[in-house]
Participant: 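I have a structure here, written as structure tokens, and I will follow up with some questions on it.
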Amino acid sequence: MTGGTAPRRGRGRPPAAGRADGPGTRERILEAARAEFAERGYDRTSVRGVARAAGVDAALVHHYFGTKEEVFAAAVEVSFEPALLVPAVVGAGPDGVGERLARYFLGVWEDPATRAPLLAVVRSALTHEAAAGVLRGYVLRRLLERVAKDLDVPDPRFRAELAAAHMIGIAILRYVVRVEPLASAEPEAIVAMVAPTLQRYLAEA
């Protein structure tokens with residue numbers, strides 16, 4: 001990128017020179033971003049670094065994703081896939097919603113491919129306000145609002161946030177801090193313990 005005038009998403013395509021655009025470019029950039037954020041954390045990752053890892057010009061990263069914060073948010077979103085999560089967890093009705101949420105959430109964290117960017121976002125959010133803003137904006141505004149919208153209980157947003165706090169706390173202790181015996185517990189054992197609490201948050205009046 002030469003200077004700070006790279007086109008943003010929705011403002012046309014960057015110049016052809018050095019673009020390295022083509023089928024699958026967006027996905028390649030996203031994969032590179034996930035790897036860069038996972039390895040370097042939020043602070044030490046740059047749009048230029050993501051572009052270099054993806055083999056494209058930095059202007060192309062701006063074209064597809066906008067700012068560094070937006071690249072970061074996209075890397076988080078692809079791990080959770082909210083379009084699949086909400087119907088899978090909430091759309092099947094209130095019975096068993098706590099167990100479905102616990103199993104889905106732990107399944108995302110247990111998969112090494114999706115765990116790495118999530119570790120990056122959680123670690124970065126604890127020390128960097130911009131990363132924390134991405135986590136708030138994505139988890140609280142986008143994901144939880146969609147979950148809460150389908151909950152037929154009083155104060156659905158508050159309940160969805162309590163469920164998220166419970167699961168994020170488990171993720172920090174199990175995958176970031178690695179506190180035993182939680183870090184070595186079988187996922188199904190965790191599901192069995194936390195599902196009743198999540199069920200109460202999400203389904204009981």
Side-chain angles (χ1 to χ4, degrees), residues 30-31 33-42 72-128 131-132 134-136 138-140 142-153 155-205:
L30 194 55
E31 281 297 312
R34 292 172 67 187
E36 288 290 299
F37 282 120
E39 179 181 349
R40 302 175 183 278
Y42 185 88
F72 191 51
V76 177
E77 180 168 357
V78 78
S79 296
F80 274 114
E81 295 184 297
L84 300 178
L85 184 152
V86 177
V89 172
V90 183
D95 291 344
V97 64
E99 181 179 343
R100 290 193 300 273
L101 176 60
R103 184 166 284 116
Y104 187 101
F105 185 90
L106 284 171
V108 169
W109 277 93
E110 287 295 306
D111 183 347
T114 49
R115 182 194 309 151
L118 292 177
L119 283 172
V121 72
V122 170
R123 286 170 175 153
S124 299
L126 295 176
T127 58
H128 197 287
V134 170
L135 186 60
R136 284 194 301 269
Y138 172 68
V139 174
L140 298 183
R142 299 187 60 187
L143 181 59
L144 292 184
E145 281 186 359
R146 293 175 68 172
V147 170
K149 188 172 113 174
D150 286 356
L151 295 178
D152 186 21
V153 290
D155 302 315
R157 172 69 179 271
F158 180 57
R159 289 166 176 259
E161 290 179 0
L162 285 174
H166 198 108
M167 295 309 297
I168 290 172
I170 289 172
I172 290 173
L173 289 179
R174 177 173 170 85
Y175 302 102
V176 180
V177 184
R178 299 195 58 80
V179 172
E180 295 292 356
L182 179 60
S184 300
E186 290 295 325
E188 284 302 312
I190 300 173
V191 170
M193 291 293 289
V194 305
T197 299
L198 297 180
Q199 185 71 25
R200 179 168 56 84
Y201 286 152
L202 300 177
E204 294 181 13

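What you are looking at is a predicted structure, and each value in this text was computed from that prediction instead of being measured.
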Participant: Can you tell me which residue pairs pass the salt bridge (Lys or Arg N to Asp or Glu O under 4.0 Å) test with a partner in residues 87-102, sequence neighbours excluded?
Facilitator: Glu99-Arg103
Participant: If the condition is side chain to side chain contact (heavy atoms under 4.5 Å, CB included), which residues does Ala165 pass it with, not counting sequence neighbours?
Facilitator: none
Participant: Among residues at least two apart in sequence or on other chains, which ones pass side chain to side chain donor-acceptor pair (under 3.5 Å) with Glu186?
Facilitator: none
Participant: Let me check something: any side-chain donor-acceptor pairs from residues 192-205 under 3.5 Å, sequence neighbours excluded? List them with distances.
Facilitator:
from   : atom 1 : to    : atom 2 : distance (Å)
Gln199 : OE1    : Val97 : N      : 3.1
Gln199 : OE1    : Gly98 : N      : 2.9
Gln199 : NE2    : Pro94 : O      : 2.8

Participant: For Arg174, which residues count as a salt bridge (charged side-chain N to carboxylate O under 4.0 Å, His left out) partner, sequence neighbours excluded?
Facilitator: Glu110
Participant: Under 30°, 30 to 60°, or over 60°: which ring-plane class applies to Phe37 and Tyr42, parallel, tilted or perpendicular?
Facilitator: parallel
Participant: With Ala35, which residues qualify under side chain to side chain contact (heavy atoms under 4.5 Å, CB included), at least two apart?
Facilitator: none
Participant: Hey, what do you get for CE (Met167) to OH (Tyr104), rounding to the nearest 0.5 Å?
Facilitator: 12.5 Å
Participant: Would you compute the distance between atom CG of Leu101 and atom CG of Leu106 and round it to the nearest 0.5 angstrom?
Facilitator: 9.0 Å
Participant: Listed by chain and number, what are the salt bridge (charged side-chain N to carboxylate O under 4.0 Å, His left out) partners of Arg40, not counting sequence neighbours?
Facilitator: Glu36
Participant: Side chains of Ile170 and Tyr175: does their closest heavy-atom pair fall under 4.5 Å?
Facilitator: no
Participant: Does Asp111 have any side chain to side chain contact (heavy atoms under 4.5 Å, CB included) partners at least two apart in sequence or in another chain, and if so, which?
Facilitator: Ala113, Thr114
Participant: Look up atom CG in Leu30 and atom CZ in Arg34, then write down how far apart they are to the nearest 0.5 Å.
Facilitator: 6.5 Å
